[in-house]
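Proteins get letters first, then strands, A, B, ... in listed order; numbering begins at 1 in each.
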Amino acid sequence: MESFLSEFVPWLLSVKLAHFLIVSAILFSLGIYGIVTRRNAILVLMGIELVLNAANINFIAFSRYGGVNLDGQAAAIFVIILAASEAAIALAIVLNIYHRFQTVNIDDVSNLKE
Amino acid sequence: MSQELLINLSIVILLLPLFGFALLIFFGKKLPRQGDWLETMMISSALVLALIVLFQKLTLYHDATLMLNFTWVDFHNVPGIGPLKIVLGISVDNLAAIMMVVVTLISAIVHWFSIGYMHGDVRYSRYFAFLGFFSFSMLLIVLANNLLLLYVGWELVGISSYLLIGHWYEKKSASDAAIKAFIVNRIGDIGFFIGIMILFATFHTFGLEEIFDGIQGGRLPFGSEAWLTAAGVLIFCGAVGKSAQFPLHVWLPDAMEGPTPVSALIHAATMVAAGIYLVARTFPIMTADALTIIAYIGAITAFIAATIAIAQNDIKRVLAYSTVSQLGYMIMAFGVGAYTAGFFHLVTHAMFKAGLFLGSGSVIYAMHNALHHQQDHHTDAQDIRNMGGLRTKMPVTFWTFTIYALAISGVPLTSGFLSKDEILAGTLAFGGLTGHTVIPIIGFLVAGLTAFYMFRLVILTFMGDHKDAQRLEHIHESPKIMTVPLIVLAVLCFFIFYSFNPFGATSGWIARAVERPDSVVPASVAAAPTETFEEVLHDSHGTAMVLSLLLAGVGIFIAFATYYWKRINADRIAGSLSPIHNFLINKWYFDDVYNGIVVGGTLAWTRLMRWFDDTIIDGIVNGSGSITKVTSSVSGKFDSIVIDGLVNLTAYLSGFGGLILRKSQTGKVQTYIVFVVMSVMVFYFVFRLV
């Protein structure tokens, strides 16, 4: 414990690329988890947003520490735009699904299967 | 007339009946009167032409032989043989010219007679067509100057006799008789054919003249005299079949099943004469041994047939056996070397035997009509025991029949006396020269027997009382078309047509025209030469004449005593000699023995073969069948279990795998994402480890 504190706290305080990546990984994992486990289409969309934002964090972090420079930020802006349009289309689909099936549970919307 | 014209005329004679046959067989039914006039005209004009040829031949070219040859096949150079040509041809010598007249004469008379006898027959035109074909075949034999053409005619005679004997083939007995005649003849023909082949193998030619020249030049078949004898005897085998000699005589009496005019034709001119003619043609190659065999066969035949004829009651059967007996005489004559006498007897016998058969046909015709009138369908129209007393009702038939009977019995002033006397003198001379005394003894014995059974026939048929007086009322003389031929033949039975001397034919035209040909065989195996024979013959003439007259007289006398005056009770004699009588009635059991041995043997053999087929062959077939079945069922099982199993297993495994794998294909994006993430993780760890 002693050594953990003596090593972890300084590591935690000196923010570096690894910290961002770890956050990004956690965020990505949470996103995936949400995508995989939720039944509600809205929540799945939210999981996708998390995954996209995890990617954004990575881009930004690499642009700051990794020598990718502004390319990373440009990519992040693209991702944001992409996420926005994706959210718009996906929500429209979800709305239509709801309109037709009176539910947004993706397990119940399986008419094209089999 | 030139020789060319004569030979061409002979060809015309040969082809006329064939032409008639061809027309009748195709258009017979459409012609008026079914075309009987056509064939009759053909054969009658052939007769006229034959008479012209004979007359011209005898007056202009008495000693010449007219020949016409053509090459049938030219094989050029045959390896091992050299140049080989098959030359066919016809030749007209005195023998052939006389024979041609006899054949066409008898045939023409039979044609005329048949117009009356066969009136209303179902196959009238066919009958006449075959008569013509029969005549053509016989003329082919007569004219052929080579063994091949002769053999062709020989077989054609066989087939036409088959067709005519079986004319009423609806009758079982008729079709049986036809088959019997054909098969028995074939047995002889096989011998004949082998004989031809023996000669051909050595001389590479079928021409009789060439073969004679070859033998005379010292070449022998396979270089041995025994083979020459064998060839002679084998060729004689053909004559044994065709001329109904012992032991192949059994077909001729059965051939009675044909229409009676056909019997006349077969017995007189066309069929049985062929065998005699063959012996006459091939006489020069016969060695002394072969001739002795021939003489004995003839004598045995003459004797057997004469004894059988005594005990028969069917009018045609008696005549049939008398034919066999007389043929035996002729063969015997050739065997002993009395060549001219044998051929002379053939000619005279043709006349009276044709007459006898046509006469019996006339009787049967009358009996048939009478029985038909009485609505009697059970009485046998051919059984002489049902006849008697026909003399007054059928005078023409009676008188002509009596003349024929006198002729065949050898009574003076008839043709039969001349020829028979010659033969008997020949046998006497032969007996004196060689010591075979059995031959003349049989010859004279048969002469007596012949007279006896012929007059038995005449008396039982025409004299005495008819059994059924009412039936006698219905018996009428046959129509003119049948009686005129009888009269013609009866006239031809007088000596005057053959020799001006009623007691000797040696000065007659036939004796001069047909001389015994010189033997070509080596002197060591030849029979007594003609000069020696003639010398002895001259001395035996007187004896023969007296003896034969005596025996014929005794035979006729006994016949009268037994059947006319009834001084001798025939039934009692038959009763006391019943074993012999039965033996004779059953024709020496020849048919039974042949039935037992040949037919039975054949049947037994075929049964054995059938058994062999049924058990062995069928067993092999069935065995291989069942083996195949077992093999195929095993391979079927293998297919259905192992192969199909493997296939099904593959399918099942695929299906099973699919069942399992489909579980992963949920169609849910979330599951796929899990897979993707898991995979990435797996890859990560895998690459870490690597």
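- By the 6.0 Å contact criterion, NZ on K171(B) is enclosed, its count of non-hydrogen atoms from other residues, nucleotides or ligands being greater than 12.
- Below 4.5 Å, heavy atoms of chain B meet heavy atoms from V36(A), R38(A), R39(A), V44(A), all part of residues 36-48 of chain A.
- For CZ of F193(B), the number of neighbouring non-hydrogen atoms (other residues, nucleotides, ligands) closer than 6.0 Å is 12 at most.
- Within 6.0 Å of CZ in F19(B) there are 12 or fewer heavy atoms belonging to other residues, nucleotides or ligands.
- No more than 12 heavy-atom neighbours from other residues, nucleotides or ligands sit within 6.0 angstrom of OH on Y98(A).
- Listed by chain and residue number, F4(A), W11(A), L12(A) satisfy the side chain to side chain contact (heavy atoms under 4.5 Å, CB included) test with F8(A) (two or more places apart in sequence, or in another chain).
- Of all residues in residues 17-34 of chain A, those placing a non-hydrogen atom less than 4.5 angstrom from a non-hydrogen atom of chain B are I32(A).
- Of all heavy-atom pairs spanning Q670(B) and I35(A), the tightest one is NE2-O, 3.0 Å.
- Around atom CZ of R64(A), no more than 12 heavy atoms belonging to other residues, nucleotides or ligands sit under 6.0 Å away.
- At a heavy-atom separation below 4.5 angstrom, chain B is approached by no residue within residues 78-95 of chain A.
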